[in-house]
Amino acid sequence: MSSHLAKNCTSYPYLLSSTRRYSSNGFWTKPLNFIAGERVRPTNDNRSQDFSVVEPATGKILCESPSSGKADVDRAVKAAQEAFQIWSQVPAIERARIMQKTARKLADNLEDFARLEVTNNGKPIWEARCDIQSAIDAIDFYAGLAPSMTGQHIPCPGGSFAYTRREPLGVCVGIGAWNYPIQMAGWKSAPALACGNTMVFKPSQFTPATALLLAEVYADCGLPKGAFNVVQGEGETGHFLTSHPGVKKVSFTGSVATGKLIMKSCADDIKSLTLELGGKSPLLIFSDADLDNAAKGAVMANFLTQGEVCSNATRIFVERSIKDEFVKRFIERTKKMKIGDPHLEDTTFGALISKAHQDKVMGYIEGAKKEGATILYGGERVTPDDPALADGFYILPTIMDNVTDDMVISREEVFGPVATIMTFDTEEEAVTRANNTQLGLACGLFTKDVQRAHRVAAQLEAGNCWINNYNNLPPGVPFGGYKQSGLGRENGTATIDHYTQLKTVYVEAGDVDCPV
Ligand code: NDP
């Protein structure tokens with residue numbers, strides 16, 4: 001026993017205490033790739049492929065970064081392949097300890113990481129703190145599961161038996177969207193690493209920062225060099241990754257259109273695939289609902305991270321008899337949202353990710369008005385009082401009425417702060433209209449009728465349903481979509497299936513039964 005511990009003490013550097021603190025000072029002037037345990041500049045240094053990283057709150061350019069080319073991707077995958085030979089052999093309990101140490105170190109540096117996320121993404125500081133905590137929770141959760149991942153024993157006739165081994169896949173690729181940068185890096189890396197895989201992660205070009213810090217913390221806490229790598233770049237870099245023959249699995253979060261391209265790119269090697277894609281989710285408010293909670297739920301379902309949330313329930317169906325009262329309370333709460341500098345403690349609503357995205361969201365609002373929808377609140381760009389924020393990308397949280405199911409605003413994902421109100425008369429009608437979409441990421445309902453709550457939850461075609469709340473996602477709860485919203489699940493024990501493969505071993509206890 002003691003010799004086992006002594007051996008591990010010398011083998012695993014995580015047991016050495018590290019007091020390093022992480023600082024975002026000077027962050028943007030250093031190379032943004034992290035391969036084989038160090039920050040490196042992309043070698044495919046083609047200046048025409050540089051991308052600008054912009055601070056959404058001010059419109060200021062934070063840095064220019066070269067996009068990673070094929071050589072960088074090859075290098076990262078090779079580093080991850082080499083690390084797989086080591087990491088997959090590390091006992092699960094040791095993997096868990098390295099991950100737990102990573103979680104503690106993230107927690108020690110939570111404030112600094114949250115500040116960097118705010119600067120890079122534009123979301124308010126209170127939300128960014130929750131996002132870092134969500135990554136920490138995922139790492140802790142999968143660290144806890146790692147030592148108990150086992151196979152099955154299956155008795156067979158005549159005393160023979162079979163057993164299954166749950167084996168890691170190899171090099172996994174994670175590709176993230178820009179709305180929850182560190183949370184996505186945590187949600188993807190935690191189950192991958194806990195299962196003994198290694199990973200190459202590509203953040204969105206808009207939000208390259210915090211995945212890199214996560215990689216540095218993992219490395220400092222004893223993760224072998226190359227077990228978690230970060231390559232920066234645009235869609236082309238993502239394509240190099242998903243089509244790389246050395247990659248065994250891709251976990252992607254992003255739009256439906258990109259998800260379809262990635263599925264095709266994975267087909268050649270039959271790579272394992274998790275897709276977390278877009279949504280057009282419904283929220284049903286029944287006449288017996290607690291209307292204050294329903295109004296709060298509608299805010300949570302529409303205006304977190306400036307409405308740039310895949311699971312948002314932008315189609316709010318309200319039972320006709322309570323529409324006016326619900327709308328009144330929803331508007332009252334929405335008016336209380338404070339738009340401004342996302343670094344300030346009392347700001348509840350920050351800046352959208354980019355000028356192009358701000359224009360796109362405004363285009364949806366203008367288009368809906370042309371189709372006959374009306375604005376109950378918001379519906380316009382806004383400039384906060386602080387002159388430093390004059391070039392930031394702000395839109396008021398927006399509530400629209402007189403919306404019909406066939407309008408573009410009801411059918412396409414806006415991915416911005418636009419809630420639409422529609423009325424219904426019967427439960428059956430509400431369910432039919434809620435399901436009338438090719439997407440099925442999430443849904444929600446508010447009612448005090450417990451039988452109706454479960455009946456409706458069972459009928460709604462979506463991977464996640466919230467009853468009397470919206471958008472809360474603890475790490476133990478599986479998350480993912482039905483229909484074109486995706487494949488596979490993130491979080492919860494369900495994700496273990498997506499990061500391991502089962503080997504069945506049959507053991508004969510008697511003679512071979514052969515006809516000749
Ligand atoms: P995109 O699909 O545009 O991009 C997502 C990621 O894929 C980015 O890192 C992007 O790089 C990369 N990428 C783009 N093209 C390719 C390609 N051909 N091959 C490989 N990778 C590629 O989505 P957004 O970043 O605009 O994110 C918004 C979308 O994400 C929304 O539809 C939203 O619903 C969805 N989403 C889904 C979530 C879920 O859990 N279901 C959660 C959050 C968002 P780059 O950015 O550099 O172009």
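Numbering of ligands and ligand atoms starts at 1, following listing order. The figures that follow rest on heavy atoms only: side chains count, while hydrogens, waters and symmetry mates do not.
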Is there a polar contact, in the sense of an N or O pair closer than 3.5 Å, between Leu277 and ligand 1?
yes
Under 3.5 Å, is there a donor on one side chain and an acceptor on the other for Thr404 and Asp406?
yes
Testing the 3.5 Å rule here: is there a donor-acceptor pair between the side chains of Thr274 and Glu490?
no
Which protein heavy atom lies closest to atom 35 (C) of ligand 1, and at what distance to 0.1 Å?
Gly254 O, 3.1 Å
Starting from atom 48 (O) of ligand 1, locate the nearest protein heavy atom and write down its residue, its atom name and how far away it is, to 0.1 Å.
Gln205 NE2, 3.1 Å
Counting only heavy atoms not in Met263, do more than 12 sit closer than 6.0 Å to its CE atom?
no
If we number the atoms of ligand 1 from 1 as shown, the ones under 4.0 Å from a heavy atom of Gly238 are 19 (N), 20 (C), 21 (N)
Strictly by modelled atom types, are Ser68 and Asn33 linked by a side-chain donor-acceptor pair under 3.5 Å?
yes
With a heavy-atom distance limit of 4.0 Å, tell me whether Leu441 approaches ligand 1 through its side chain, its backbone, both, or neither.
side chain
Test: Glu412 and Lys280 ion pair at under 4.0 Å:
no
Look at atom 21 (N) of ligand 1 and say whether a protein heavy atom is found at less than 4.0 angstrom from it.
yes
Going by an N to O cut-off under 4.0 Å, is there a salt bridge joining Glu366 and Lys370?
no
List ligand 1 atoms under 4.0 Å from Ile262, heavy atoms only on the residue side.
19 (N), 20 (C), 21 (N)
Tell me which part of Asn179 gets within contact of ligand 1: side chain, backbone, both or neither, using heavy atoms under 4.0 Å.
side chain
Run the ring pair (Phe, Tyr, Trp, His ring centres under 6.0 Å) test against Tyr470 and tell me which residues pass, sequence neighbours left out.
Trp466
Looking at Gly233, which atoms of ligand 1 are within less than 4.0 Å of one of its heavy atoms?
47 (O)
Between Trp187 and Ser134, is there a side-chain donor-acceptor contact under 3.5 Å, judged purely by atom types and distance?
yes
Indicate yes or no: does an N/O atom of Glu490 lie under 3.5 Å from an N/O atom of ligand 1?
no
Which heavy atom of the protein is the closest neighbour of atom 12 (C) of ligand 1, given with residue, atom name and distance?
Ile175 CG2, 3.8 Å
Element-labelled atoms of ligand 1 that are located less than 4.0 Å from some non-hydrogen atom of Thr258
1 (P), 2 (O), 3 (O), 13 (N), 14 (C), 15 (N), 16 (C), 17 (C), 22 (C)
What do we get for Phe479 next to ligand 1 when only non-hydrogen atoms under 4.0 Å count, side chain, backbone, both or neither?
side chain
Looking only at protein heavy atoms, which one is nearest to atom 28 (C) of ligand 1, and how far off is it?
Phe415 CE2, 3.5 Å
Relative to the heavy atoms of His239, which atoms of ligand 1 are at a distance of less than 4.0 Å?
19 (N), 20 (C)
Give the contacting part of Pro203 toward ligand 1: side chain, backbone, both or neither, where contact means a heavy-atom distance below 4.0 Å.
backbone
Taking both backbone and side-chain atoms of Thr253, is any N or O found less than 3.5 Å from an N or O belonging to ligand 1?
no
Salt bridge or not for Asp74 and Lys78, using N-O below 4.0 Å?
no
List the closest protein heavy-atom neighbour of atom 7 (O) of ligand 1: residue, atom name, distance to the nearest 0.1 Å.
Phe252 CE1, 3.1 Å
Will you find, in the side chains of His343 and Arg115, an N or O donor that is under 3.5 Å from an N or O acceptor?
yes
Checking heavy atoms under 4.0 Å, the part of Met184 that sits near ligand 1 is side chain
I need the nearest protein heavy-atom contact for atom 32 (O) of ligand 1: residue, atom name and distance, please.
Glu413 OE1, 2.6 Å
